[in-house]
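Notes for the one structure printed next.
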Amino acid sequence: MKITVDIADLMDELDLEELGLSLDPSPVTAGQVLDELTGRGVLAAGPRRNKRRPLRLAARAAVAAALVITLSVTAWAVGNYTDFFDSVFGDKGLESRESEKLPEPVQGSDIMPGQHFGTADTETAEAALAGYVTEVGKSVTAGGYTLTVENCLIDENGVGAIAYTVACPEGLPQINTFDNMLPAGLYTAADESGSFVLTVKAASGLFLDHYDILNAAETTDTVLHGVYYFQPLAREAGGGLGADDTLCIELKAQGPDGVTLECQDAIEISAARRAPSIELACGELTARLSPLSLVIRPPEGLEEPWGGASSRERVIRYRDGSEYVLDRCGEDEAEQNTIAAGVNGYTGVNTTIFNRFVDTAAVADVTVTASDGTVYVFRPAA
């Protein structure tokens, strides 16, 4: 038998202490509860009552029990990804740095770009992305190290971020960060006691370019926290990480004797769940923008990279007048406020992974100024 109630009144009327019940305190709205319960057939949505009538204790107890049982792992988990979004989109305890003039050129440039982080807008990220997070919560052990994959977010561009920990009760090897490289936070974990390396592969064999970033704010002597960002590098136009693909995550450990120990069973994550993106257009050029990445696609048949692939400035502008400078290159200074940005040499697709949350609903345009001064303005498609 179905019980028809007004869910907003129910939330006010339930005295969980009286009933001896408890719920996860994470924020959830009455509408989310209603959607979850009606979708499961636990409650039938009825018209709102003009006057509040207290539910009988038996009915209240039954509904409260249904809330505990049916929502403990689903609807009430909404709002529990704050730490995940803070890790993916926050500064991770890494320090911003200013542009630096180098005494000698490195890869043809004598300027080391500065890098700045945005404040993680976890509340907005929660509202936009909580329903697209894949909660993994699985572990494997190799050589005394235990890898736990916590959560994963993949967008419609096939770009993703995986939050994980590597624990060793006896103490981790020395964490070495590459202070002279971008993005900030790239690291290795190795010393005379041993080392470990995290690898992520696609079951389809698709190559994944990756950037393994240390979450210095959470890392301790025995538990390393990190975020593994990845992007697909397809060899032909239209290729990418398919929704039917699977990510396989392994931990490779090397002991003090130099013997490599590899876990036998990889942790698998389905690539089916995708965070949405919006379409942008600039003439024949098209792009997809998600809260995590920007992918610009050249017109079909274009044999050379489009002019904006080599740019002096790229900026995301919001309708409120604020902006997010992805990168900027001048004569004496430069900025690179991203996890990664580059052009796929096979397809000409330009992919950027953000180092902060981008609210796609608030974006006015993405402006790319090419090295020759040509300005390309990508606006949301009508």
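Because only heavy atoms are used, hydrogens play no part in the values below, and waters and symmetry mates are left out as well, while side chains stay in.
Counting heavy atoms of neighbouring residues, nucleotides and ligands inside a 6.0 Å radius, atom CG of Asp372 exceeds 12 of them. No more than 12 heavy atoms of other residues, nucleotides or ligands sit less than 6.0 Å from atom CZ of Arg235. Atom CG of Asp320 has more than 12 neighbouring heavy atoms from other residues, nucleotides or ligands inside a 6.0 Å radius. Environment of OH in Tyr211: crowded, with over 12 heavy atoms of neighbouring residues, nucleotides or ligands closer than 6.0 Å. More than 12 heavy atoms of other shown residues, nucleotides or ligands fall within 6.0 angstrom of atom CD in Glu323.
The hydrophobic cluster containing Leu224 also contains Ile249, counting ILVMFWY residues as joined when their side-chain heavy atoms lie under 4.5 angstrom apart, directly or transitively. Criterion: ILVMFWY side-chain heavy atoms under 4.5 Å apart, direct or through other members. Under it, Leu94 and Leu186 are part of a common hydrophobic cluster. Taken together through direct or relayed side-chain contacts under 4.5 Å among Ile, Leu, Val, Met, Phe, Trp and Tyr, Val149 and Leu198 form part of one hydrophobic cluster. Tyr132 and Val295 sit in two unconnected hydrophobic clusters of ILVMFWY residues. Membership requires side-chain heavy atoms under 4.5 Å apart, directly or through other members. Residues Ile175 and Tyr145 fall within the same hydrophobic cluster, defined by Ile, Leu, Val, Met, Phe, Trp and Tyr side chains chained together at heavy-atom separations under 4.5 Å.
Inter-residue side-chain proximity for Tyr346 and Leu233 is flagged as unmet; no heavy-atom pair is nearer than 4.5 Å. In this structure, Arg288 and Glu279 have side chains that are in contact, with non-hydrogen atoms separated by less than 4.5 Å. In this structure, the side chains of Asp327 and Pro113 stay at 4.5 Å or more apart for every pair of heavy atoms. Taking 4.5 Å as the limit, every side-chain heavy atom of Ser293 sits out of range of all side-chain heavy atoms of Tyr229. A heavy-atom distance below 4.5 Å is found between the side chains of Asn350 and Arg314. Using a 4.5 Å heavy-atom threshold, the side chains of Phe117 and Asn355 count as touching. Residues Thr134 and Ile154 have side chains not in contact (no heavy-atom distance under 4.5 Å, counting atoms from C-beta outward). Within the 4.5 Å cutoff, side-chain heavy atoms of Leu294 are placed close to those of Leu326.
Side-chain atoms of Asp191 never come within 3.5 Å of backbone atoms of Pro173 as a donor-acceptor pair (strictly under, hydrogens ignored). Judged purely by atom type and a 3.5 angstrom limit, Gln115 uses its side chain to pair as donor or acceptor with the backbone of Thr338. Under a 3.5 Å cut-off, the side chain of Arg328 and the backbone N or O of Val315 do not form any donor-acceptor pair. In this structure, Arg312 contributes its side chain and Cys329 its backbone to no donor-acceptor pair below 3.5 Å. Side-chain atoms of Ser371 come within 3.5 Å of backbone N or O of Ser310 as a donor-acceptor pair. The backbone N or O of Ala272 sits less than 3.5 Å from a side-chain atom of Ser270, completing a donor-acceptor pair. Using a distance-only test at 3.5 Å, with no hydrogens or angles considered, no donor-acceptor pair links the side chain of Glu335 to the main chain of Val325. Between the side chain of Ser87 and the backbone N or O of Asp83, no donor-acceptor pair lies under 3.5 Å.
No donor-acceptor contact under 3.5 angstrom links the side chains of Asp359 and Thr124, judged on distance only. In this structure, a donor-acceptor pair under 3.5 Å is present between the side chains of Asp245 and Ser204. No donor-acceptor contact under 3.5 angstrom links the side chains of Thr82 and Thr122, judged on distance only.
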Show me the donor-acceptor pairs, under 3.5 Å and distance only, between side chains in residues 159-172 and residues at least two apart or in other chains.
residue	atom	partner	partner atom	Å
Tyr164	OH	Tyr187	OH	2.6
Tyr164	OH	Asp212	OD1	2.5
Tyr164	OH	Asp212	OD2	3.3

* Ile296 and Val366: side-chain contact (heavy atoms from CB on, under 4.5 Å), yes or no, with the steps? -> CA-CA 11 Å; Ile296 299 176; Val366 176; 5.6 Å; no

* To do: Could you check Phe85 against Val133 for side-chain contact (heavy atoms from CB on, under 4.5 Å), going step by step and ending with a plain yes or no?
  => CA-CA 10 Å; Phe85 292 128; Val133 175; 3.7 Å; yes

* To do: Before giving the answer on side-chain contact (heavy atoms from CB on, under 4.5 Å), spell out for Glu218 and Lys92 the whole-Å C-alpha distance, their side-chain angles and the decisive distance to 0.1 Å.
  => CA-CA 8 Å; Glu218 302 293 334; Lys92 306 172 187 60; over 6 Å; no

* Taking it one step at a time, do Ile316 and Val363 satisfy side-chain contact (heavy atoms from CB on, under 4.5 Å)? -> CA-CA 7 Å; Ile316 295 176; Val363 169; 3.9 Å; yes

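Atom-to-atom distance recorded for Lys252:NZ and Leu261:CG is 12.0 Å, nearest 0.5 angstrom. Here Lys201 contributes atom NZ and His210 contributes atom NE2; the two are 11.0 Å apart, rounded to the nearest 0.5 Å. Atoms CG and CG, on Leu129 and Asp155 in that order, are 9.5 Å from each other to the nearest 0.5 Å. Going from atom NZ of Lys101 over to atom CE of Met112 covers 13.5 Å, rounded to the nearest 0.5 Å. Here Leu292 contributes atom CG and Leu153 contributes atom CG; the two are 6.0 Å apart, rounded to the nearest 0.5 Å. To the nearest 0.5 Å, the span separating CD1 on Ile278 from CZ on Arg379 amounts to 13.0 Å.
Annotation for Thr146 and Ser139: closest pair CG2-CB, 4.0 Å, computed over non-hydrogen atoms. Scanning all heavy atoms of the two residues, the minimum distance from Gly93 to Ala216 falls at O-CB, 4.2 Å. Looking at every heavy atom in both residues, Ile111 comes nearest to Ser99 through CG2-OG, 3.4 Å. Looking at every heavy atom in both residues, Pro276 comes nearest to Pro291 through O-CD, 3.6 Å. Closest heavy-atom contact between Ser311 and Val368: CB-CG1, 3.8 Å. Between Ala370 and Gly308, the closest heavy-atom pair is CB-CA, 4.0 Å.
Under the 30°/60° scheme for interplanar angles, the aromatic rings of Phe230 and Tyr228 are found to be tilted. Aromatic ring pairs are classed by plane angle as parallel below 30°, tilted from 30° to 60° and perpendicular above 60°; the pair Phe354 and Tyr324 is perpendicular.
Of the residues listed (Phe357, Tyr81, Phe84), the one engaging Phe89 in a ring-ring contact (aromatic ring centres under 6.0 Å, His included) is Phe357, and it is the only one.
In this structure, Arg274 does not pair ionically with Glu156, as no charged nitrogen and carboxylate oxygen lie closer than 4.0 Å.
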